[in-house]
Amino acid sequence: MVPVETVQESPYRFVIPRDRGMRVPGVVFATRALIPDPAVPAGGVAATGIAQGGVVSQGGVGFGISCGVRLLAADLGAGELRPALGQVMDRLAAVIPRGAGPGGVWQLAGRAEMDDLLGPSLARPFPARPPFRAPPPFPAPFRAASLPGAATFPALPRAARAPGAATFPALPRAPPFPARPPFPARPPFPARHTGIRRTMMAVLAPQRASYRRSIELRFAVHAAAAAPSVNNTQPWRFASHQHAIRMYADPRQKLAWADPAGREMLISCGAALFNLRLAVRHLGFAAKVRLLPDPSHPDLLAEIGWGWHAPPTAEEDLLYQSIARRHTHRGPFTADIPPLLTGELVRLARQEQAQLQVIYDSRRYPPLAGLIRTAEQFQRTSPMFAAERAHWARPPGDRRPDGLPPAAYPAQPDELAFAGRDFACGAGWGYPLKSPPDGPHAIGTPALLTTREDTRLAWLLAGQALQRLLLHATSQGVSAGFHTQPLELPPIRERIRAEFTDGAYPQMLLRLGRGGRPAGTTPRRAVTETLIA
């Protein structure tokens, strides 16, 4: 900061003479009392008598930079602020608007979308356009005396009015333009608050902060709802709680017979939780995840906090773009997966504290196929299992927002070596198979997703690992089909654990491949149905 000398030109105008590297002289509009020691730091702010009720202004910041500047005033010293600096920065990152610029996550087209984003309380109407001011009447003809030496011309004779000619009334003279109303005086600067916490000035209008956070919440919930779930039950709910998103299990959507313990329900919720994490990262925030935060509320599965501002990585962007393209494949495949993809999927599962055990030996396929067919046959012949499955199979023309429509599964579930679920229960719904079900690549590559423990926490971790590897596989053009019937019967699940996973708990049985008929999209419940107050 270099003191400068000012020249007072009027009671409220002071000029800083051009000196050194200055291109133009500086002009300050103030009173002498407000600038006892004139000094303007480049890139700084101007504090004018705060203790006497003055203001703080980004006086030394350029116009382009000051568009994003917010000011705070507090009675906090450096020693008091430094221990809580991280919490203060997190709070500022949560409430300061950003992301609507040319490179932001939202692309706003026109003023209408900007007004909609800012909210009705912040949309100021433009002042009405003043009425057109009529020009003054044409002056009288000049006289010779008015212009000395000017040439004079005789007045032209007035033409006689022809008989029967139309007459026009004289045009009325426009009323004089009204005087411009005086500009309303700016309200006085509010009195300075007292107390350490109350002295921090508001950096954002509350209406705009809540409106923006509501949009971000709906955006994240919409992405989470695109996750796969058993029979497309979508067993999740979401709520906003103290600058965080809470995720709950929805027991109403649980399969009472196929999933009495809620294992597959929590795996489905874990997949939705991973999508929620990706959506928060896509919006430019670090996702702070707490799993099972409150043991007294077993339905509360996770809490995702809006962390500090952090742009997503290239891998996270790739996974986020795959959310809308991922669909469950329930028919035969026509090609194998890339050779190096299985290693990548194993690595990704480990990042989420799970293990993906790929079955490479084709000699193990027939025993595993036999266990799948045994479990499927038992569920088809059991009245309870069959009735529950029929409840989630939508008939043609049904517009329910959950369950499986006929376009999502094949009409011949038994054509493949790995038996599929008969969602239509013999009604013949579904799409016909066009690719040969007995081709060399029809089964694809089977794999088992396992965990070391078999707890609710392990089920949530398995769901996140499942969705991470599914999205990565989708980005490589690879689809996945699920055959979890043997894992829904405890005796057969224990046999798979002993013979195929070396003691690890199997959570999901899937097969990976490429090609085949593109899976039909399954419906999703609206955000308003899964978002609770």
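Since this is a predicted model, take the numbers as computed values, not measurements. Sequential numbering from 1 along the given sequence is applied to the chain's residues.
Smallest separation of non-hydrogen atoms from Gln357 and Thr501: OE1-CA, 3.3 Å. Taking each heavy atom of Ala226 and Ile323 in turn, the nearest pair found is CB-CG2, 3.7 Å. Looking at every heavy atom in both residues, Leu292 comes nearest to Leu460 through CD2-CD1, 3.9 Å. Of all the heavy atoms in Pro228 and Leu470, the pair that sits closest is CG-CD1, 4.1 Å. The two residues Arg330 and Tyr431 make their nearest non-hydrogen contact at C-OH, 4.2 Å. Shortest non-hydrogen contact noted between Pro260 and Ala258 is CD-C, 3.6 Å.
Results of the side-chain contact (heavy atoms from CB on, under 4.5 Å) test with Thr445 over Leu341, Val478, Leu345, Val358 single out Val358 as the only residue that passes. Between Asn275 and the choices Gln464, Arg326, Gln467, His222, the side chain to side chain donor-acceptor pair (under 3.5 Å) rule is met once, by Gln467.
Remark: the backbone N or O of His241 is not paired with any side-chain donor or acceptor of Arg246 at under 3.5 angstrom. Between the side chain of Asp299 and the backbone N or O of Pro251, no donor-acceptor pair lies under 3.5 Å. Side chain of Gln485 to backbone of Ala419: a donor-acceptor contact under 3.5 angstrom is found. In this structure a side-chain-to-backbone donor-acceptor pair under 3.5 Å is missing from Arg493 to Gln507. Side chain of Arg511 to main chain of Phe418: no donor-acceptor pair is present (N/O by atom type, distance under 3.5 Å, no hydrogens or angles).
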Which is it for Arg263 and Thr484 under the side chain to side chain contact (heavy atoms under 4.5 Å, CB included) test, yes or no, and what are the steps along the way? CA-CA 12 Å; Arg263 181 182 61 85; Thr484 56; 5.7 Å; no
Determine whether Arg525 and Val527 satisfy the following criterion, side chain to side chain contact (heavy atoms under 4.5 Å, CB included), listing intermediate values before the conclusion. CA-CA 7 Å; Arg525 290 192 288 170; Val527 173; over 6 Å; no
Just do the side chain to side chain contact (heavy atoms under 4.5 Å, CB included) check on Ser382 and Gln379 with the steps written out, would you? CA-CA 5 Å; Ser382 172; Gln379 293 185 354; 5.7 Å; no
Chi angles and distances behind the salt bridge (Lys or Arg N to Asp or Glu O under 4.0 Å) call for Arg468, Glu315: CA-CA 11 Å; Arg468 176 183 279 273; Glu315 180 183 4; 3.7 Å; yes
Working for side chain to side chain contact (heavy atoms under 4.5 Å, CB included), residues Asn232 and Trp392: CA-CA 8 Å; Asn232 194 31; Trp392 295 103; over 6 Å; no
Just do the salt bridge (Lys or Arg N to Asp or Glu O under 4.0 Å) check on Arg213 and Glu216 with the steps written out, would you? CA-CA 5 Å; Arg213 186 46 48 88; Glu216 293 171 340; 2.6 Å; yes
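Within the model, atoms OG1 of Thr313 and CG of Leu319 stand 8.0 Å from one another, a figure rounded to the nearest 0.5 Å. Going from atom CG of Asp422 over to atom CD of Gln412 covers 10.5 Å, rounded to the nearest 0.5 Å. Atom CE in Met247 sits 11.0 Å away from atom CZ in Arg237 (nearest 0.5 Å). To the nearest 0.5 Å, atoms CZ (Arg281) and CG (Leu278) are separated by 9.0 Å. Taken to the nearest 0.5 Å, the CG atom of Leu512 stands 9.0 Å off from the OG atom of Ser479. Here the straight-line distance linking atom CD of Gln321 with atom OG of Ser475 works out to 11.0 Å at 0.5 Å rounding.
Side-chain contact between Leu416 and Leu433 is absent, with no heavy atoms from C-beta onward closer than 4.5 Å. Side-chain contact between Glu453 and Gln353: absent, with no pair of heavy atoms (C-beta onward) separated by less than 4.5 Å. Leu461 places none of its side-chain heavy atoms less than 4.5 Å from the side chain of Thr451. In this structure the side chain of Arg400 never reaches within 4.5 angstrom of the side chain of Pro523, judged on heavy atoms. With contacts defined as side-chain heavy-atom distances shorter than 4.5 Å, the pair Leu449/Ile267 does not qualify. The closest side-chain heavy-atom distance from His472 to Ser322 is not below 4.5 Å. Counting only heavy atoms from C-beta outward, the side chains of Leu273 and Ile304 approach each other to under 4.5 Å. Here the side chains of Pro486 and Thr374 are not in contact, with every heavy-atom distance at 4.5 Å or above.
For CZ of Arg495, the number of neighbouring non-hydrogen atoms (other residues, nucleotides, ligands) closer than 6.0 Å is 12 at most. Environment of CZ in Arg364: crowded, with over 12 heavy atoms of neighbouring residues, nucleotides or ligands closer than 6.0 Å. Surrounding CZ of Arg218 are at most 12 heavy atoms belonging to other residues, nucleotides or ligands under 6.0 Å away.
Partners of Tyr409 according to the ring-ring contact (aromatic ring centres under 6.0 Å, His included) rule, which considers only residues two or more places apart in sequence or in another chain, are Phe423. Residues passing the ring-ring contact (aromatic ring centres under 6.0 Å, His included) test with Tyr320, sequence neighbours excluded: His282. Taking Phe333 as the reference, His329 meet the ring-ring contact (aromatic ring centres under 6.0 Å, His included) condition, with sequence neighbours excluded.
The residues Arg380 and Asp414 are annotated as salt-bridged, a charged nitrogen and a carboxylate oxygen being separated by less than 4.0 angstrom. A salt bridge does not link Glu376 with Arg373: every distance from a Lys NZ or Arg NE/NH1/NH2 to an Asp or Glu carboxylate oxygen is 4.0 Å or more. A salt bridge links Arg421 and Glu488; the closest N-O separation between the charged side-chain nitrogens and carboxylate oxygens is under 4.0 Å. Between Asp454 and Arg497 there is no salt bridge, since no side-chain N of the basic residue sits under 4.0 Å from a carboxylate O of the acidic one.
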